[in-house]
Trainee: 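If you scroll down you'll find the structure; I have some questions about it.
This structure is a prediction, so every number in the text was calculated from the model and none was measured. The chains referred to below are lettered A, B, ... by the order of the sequence lines, with proteins before strands, and numbering in each begins at 1.
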Amino acid sequence: MAKEITSRSENYSQWYNDIVKKAGLADHSAVRGCMVIKPLGYAIWENMRDQLDKMFKDTGHVNAYFPLFIPKSFLSKEAKHVEGFAKECAVVTHHRLMNDPNGDGVVVDPSAKLEEELIVRPTSETIIWNTYKDWIQSYRDLPLLINQWANVVRWEMRTRPFLRTAEFLWQEGHTAHATKEEAEEEASLIHELYTRFLEDYAAIPILKGAKTPHERFAGAEETYTVEALMQDGKALQAGTSHFLGQNFAKAFEVKFATSDNKEEFVWATSWGVTTRMVGALVMTHSDDEGLIIPPKLAPNQVVIIPIPKPTPEILEVADKIKAELGAKGVRVKIDKDDKKRPGFKFAQHEMEGVPVRIGIGARDLAKNQIEIARRDTKEKSQIALDTVNDVVPKLLEEIQQNLFDKALKFREEHTTHVSTMDEFKSVLESKGGFVYAHWDGTTETEEKIKELTKATIRCIPLDFEAEEGTCILTGKPSKGKVVFAKAY
RNA sequence: CGGGGCGUAGCGCAGUCCGGUUAGCGCACCUGUUUUGGGAACAGGGGGUCGGAGGUUCGAAUCCUCUCGCCCCGACCA
């Protein structure tokens with residue numbers, strides 16, 4: 001049973017790697033830092049993508065696509081932006097190969113050097129704002145609410161499947177507005193939308209807040225973040241929404257005429273979530289037996305296993321269940337493999353995180369019943385065949401809710417308020433999690449605390465409560481607690 | 001870029017210190033038989049330029065030199 005997965009208590013990182021590998025989410029590829037996303041991992045991403053895409057469109061956004069390559073000169077137009085990304089860019093310098101004059105293989109043709117190097121996009125603000133310059137003339141062109149589904153490359157030094165890869169998939173929204181207020185509202189709207197998605201679909205409880213100036217996106221005036229807590233007590237930033245002010249509009253000279261014919265710079269936002277969410281999903285819900293996928297994002301919500309093997313009688317019942325549940329929108333797979341034995345299949349589907357398993361054998365059919373098992377609690381029961389259509393949808397809802405409740409309870413148990421540095425350190429060392437503490441508001445203190453404890457300020461919580469106190473490091477006055485944690 | 005580790009069958013490894021039959025083992029794979037309600041058993045079978053290039057030697061997976069790649073821990077980051 002689960003004989004190939006390292007337990008969480010033994011080695012959490014190894015456990016995560018084992019799940020990714022054994023459940024078939026992703027493989028290491030031949031390219032350093034880049035993974036191959038396998039069908040199960042990709043199917044989960046597709047479900048995330050489809051749901052988010054619907055939510056974006058329901059709030060008035062449309063999709064478009066911009067180039068993979070960004071001219072080098074574009075990147076340097078916004079000073080902070082280039083500073084943030086310069087160290088991790090892949091650069092295209094040539095456009096042709098030639099046969100190696102010294103032997104076999106090919107080499108870069110030196111005569112094919114590009115006049116201006118191209119950067120493989122680490123994010124698309126620059127190429128998009130360069131384009132928006134041509135699209136926006138008047139207040140009538142605003143707001144511009146565009147999203148793009150794409151891949152980006154950030155040349156990270158250390159990578160981990162889904163959590164940090166050199167190339168990753170994401171969506172990036174880039175909006176342009178006539179007023180500051182409207183842009184700020186947009187950034188908040190998306191922040192709320194991400195929270196809703198992560199909580200309602202991924203069953204991941206979210207701590208909402210704003211980043212400190214130090215942790216802000218390069219080129220943003222305000223960064224809103226959705227922070228999740230993993231089972232090892234470390235925080236994971238699951239998505240961000242930025243209010244960009246007029247920084248990019250000024251860098252790319254994007255101006256518009258107001259209704260009273262004045263020329264003004266456009267206000268901007270950008271926001272994104274990535275394949276990292278798949279990693280967050282794994283680390284939030286899964287256990288030592290393998291993956292657990294919340295029903296709403298599970299590629300297969302129910303798997304039917306004929307016991308011991310598919311027979312015409314069993315398949316007839318299975319097909320009927322699949323059709324009827326399918327009509328109710330439930331995704332059902334019948335495992336028709338006649339080479340593998342039931343025990344193997346049970347273990348396999350548990351590893352792959354299918355929320356509900358139905359077992360049907362001759363013994364069950366004789367009694368007009370089936371066996372039903374839920375992945376989250378591993379409870380099994382027998383139910384009458386004619387109740388399946390009612391029981392399964394309810395059970396899926398129950399599992400979805402249970403996963404969220406369990407994760408929320410874990411987060412609550414791992415959320416602590418402290419008032420001294422000693423308390424702060426001891427909480428971080430003993431159980432980790434989110435730690436609320438007073439901070440004097442300076443970047444200097446923030447960095448010093450990180451140096452001493454490895455913990456960073458995850459956010460200034462949105463429900464920030466005014467509370468007089470003193471900074472745990474410097475003793476200077478503070479107006480309220482911020483949230484610290486060790487993070488991925 | 002610093003510290004550590006590893007490259008031997010699809011995967012996981014032993015063998016390397018101390019050179020010497022035809023390079024082994026487990027899983028996986030193929031064939032057959034018996035099985036089948038929680039990862040089946042037995043029998044037979046296929047699969048290797050031992051990461052690469054030089055060198056030492058009668059003889060190299062093993063020793064020497066160079067080189068390439070990957071993983072883990074740190075600094076950077078969604």
Trainee: If we ignore angles and hydrogens, is there a donor and acceptor under 3.5 Å between the side chains of A/H81 and A/E83?
Mentor: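 No pair is found: no donor N or O on one side chain lies under 3.5 Å from an acceptor on the other.
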Trainee: Can you tell me which residue among A/I44, A/I204, A/L52, A/V226 is in a side chain to side chain contact (heavy atoms under 4.5 Å, CB included) with A/M277?
Mentor: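 Output: one option passes, namely A/L52.
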Trainee: Would you mind telling me which of B/rG37, B/rC29, B/rC76 lies closest to the side-chain atoms of A/R363?
Mentor: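 Nearest to the side-chain atoms of A/R363, counting from C-beta on, is B/rG37.
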Trainee: Nearest to the side chain of A/F344, which nucleotide is it out of B/rG39, B/rC71, B/rG37?
Mentor: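 The answer is B/rG39.
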Trainee: Can you tell me how far P in B/rG74 sits from the matching atom in B/rU65, rounded to whole Å?
Mentor: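 Their P atoms lie roughly 32 Å apart.
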Trainee: Does this structure show an ion pair linking A/E222 with A/R216, if we count only N-O contacts that are shorter than 4.0 Å?
Mentor: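 Result for this pair is yes, salt bridge flagged.
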Trainee: Counting only side-chain heavy atoms from C-beta out, which of B/rC73, B/rC71, B/rG38 sits nearest to A/H28?
Mentor: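 Of B/rC73, B/rC71, B/rG38, B/rC71 is nearest to the side chain of A/H28.
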Trainee: From the set B/rG39, B/rC77, B/rG38, return the single nucleotide nearest to any side-chain atom of A/Q348.
Mentor: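 It is B/rG39.
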Trainee: Report the distance from atom CZ of A/R458 to atom C1' of B/rC77, rounded to the nearest whole Å.
Mentor: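 My rounded result for the distance is 11 Å.
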Trainee: Looking only at atom C1', what distance separates B/rU35 and B/rG39, rounded to whole Å?
Mentor: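 Nearest-Å result for B/rU35 against B/rG39 at atom C1': 15 Å.
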Trainee: When you match A/F217 and A/T159 each to their closest nucleotide on RNA chain B, which lands nearer the 5' end?
Mentor: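 The answer here is A/T159.
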Trainee: Distance between the C1' atoms of B/rA14 and B/rU8, in whole angstroms?
Mentor: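 These two C1' atoms come out 10 Å apart once rounded.
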Trainee: Is the terminal nitrogen or CZ of A/R357 (NZ for Lys, CZ for Arg) located under 6.0 angstrom from the six-membered ring centre of A/F346 and within 45° of that ring's axis?
Mentor: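 Cation-pi check for A/R357 and A/F346: passes.
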Trainee: Does the base of B/rG39 carry an N or O that pairs as donor and acceptor with the side chain of A/E350 under 3.5 Å?
Mentor: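 Answer no: no donor N or O sits under 3.5 Å from an acceptor.
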Trainee: Which pair of non-hydrogen atoms, one from A/P306 and one from A/L315, has the smallest distance, and what is that distance?
Mentor: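 Minimum heavy-atom contact is CG-CD2, 4.4 Å.
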Trainee: Do A/D337 and A/K345 meet the salt-bridge criterion of a basic N to acidic O distance under 4.0 Å?
Mentor: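 No, no charged N to carboxylate O under 4.0 Å.
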Trainee: Let me have RNA chain B in dot-bracket notation, would you? Count Watson-Crick plus G-U wobble pairs, both distances under 3.5 Å, and use [ ] for pairs crossing earlier ones and | for inter-strand partners.
Mentor: ((((((((.[[[[.)....(...]]]].((((((.....)))))).....[[[[[..)....]]]]])))))))....
Trainee: Taking the side chain of A/P308 as its heavy atoms from C-beta onward, which of B/rG38, B/rC77, B/rU36 lies nearest to it?
Mentor: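 Within the option list, the nearest is B/rU36.
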Trainee: Among B/rG37, B/rG38, B/rC77, find the nucleotide with the atom closest to the side chain of A/R341.
Mentor: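 Closest nucleotide among those given: B/rG37.
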Trainee: What distance, rounded to whole Å, do you find between the two C1' atoms, one in B/rC71 and one in B/rC13?
Mentor: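 Straight-line distance between the two C1' atoms is 16 Å.
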Trainee: Measure from NZ on A/K234 to P on B/rC73 and round the result to the nearest Å.
Mentor: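 Spelled out: NZ on A/K234 to P on B/rC73 is 9 Å.
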Trainee: Taking the minimum atom-to-atom distance to the side chain of A/K340, which one of B/rG37, B/rC29, B/rG38 wins?
Mentor: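 Per side-chain heavy atoms of A/K340, the pick is B/rC29.
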Trainee: Considering only the P atoms, how many Å lie between B/rG12 and B/rC70, rounded to the nearest integer?
Mentor: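 Comparing P positions in B/rG12 and B/rC70 gives a spacing of 16 Å.
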Trainee: Between B/rG48 and B/rG32, how far apart are the two P atoms, rounded to whole Å?
Mentor: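 Nearest-Å result for B/rG48 against B/rG32 at atom P: 23 Å.
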Trainee: Tell me which nucleotide among B/rG39, B/rG37, B/rC77 gets nearest to the side chain of A/D364.
Mentor: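 Of the candidates, B/rG37 comes closest.
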Trainee: Taking only the side-chain nitrogens and oxygens of A/K450, find out if one of them lies under 4.0 Å from OP1 or OP2 of B/rG74.
Mentor: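 No, A/K450 has no side-chain N/O under 4.0 Å of OP1/OP2 on B/rG74.
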Trainee: How far does the C1' atom of B/rC66 sit from the matching atom of B/rG10, given to the nearest Å?
Mentor: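 Those two atoms are separated by 31 Å.
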Trainee: Would you kindly check whether a donor in the side chain of A/K454 faces an acceptor in the base of B/rG74, or vice versa, at under 3.5 angstrom?
Mentor: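 Side chain to base: no pair below 3.5 Å.
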Trainee: What I want to check is whether the side chains of A/W149 and A/D53 have a donor and an acceptor closer together than 3.5 Å.
Mentor: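 On atom types as modelled, these side chains qualify, holding a pair under 3.5 Å.
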Trainee: Can you identify which nucleotide, out of B/rU36, B/rC72, B/rG38, has its nearest atom closest to the A/K309 side chain?
Mentor: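 Between B/rU36, B/rC72, B/rG38, the one nearest the side chain of A/K309 would be B/rU36.
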Trainee: Tell me whether the centres of the aromatic rings in A/F56 and A/W271 are closer together than 6.0 Å.
Mentor: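 Close enough - the centres of the two rings lie under 6.0 Å apart.
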Trainee: Which one, B/rG38, B/rG37, B/rC77, comes nearest to the side chain of A/E88?
Mentor: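 The listed nucleotide nearest to A/E88's side chain is B/rC77.
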Trainee: B/rG26 and B/rU34: how far apart are their C1' atoms, nearest whole angstrom?
Mentor: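 Those two atoms are separated by 24 Å.
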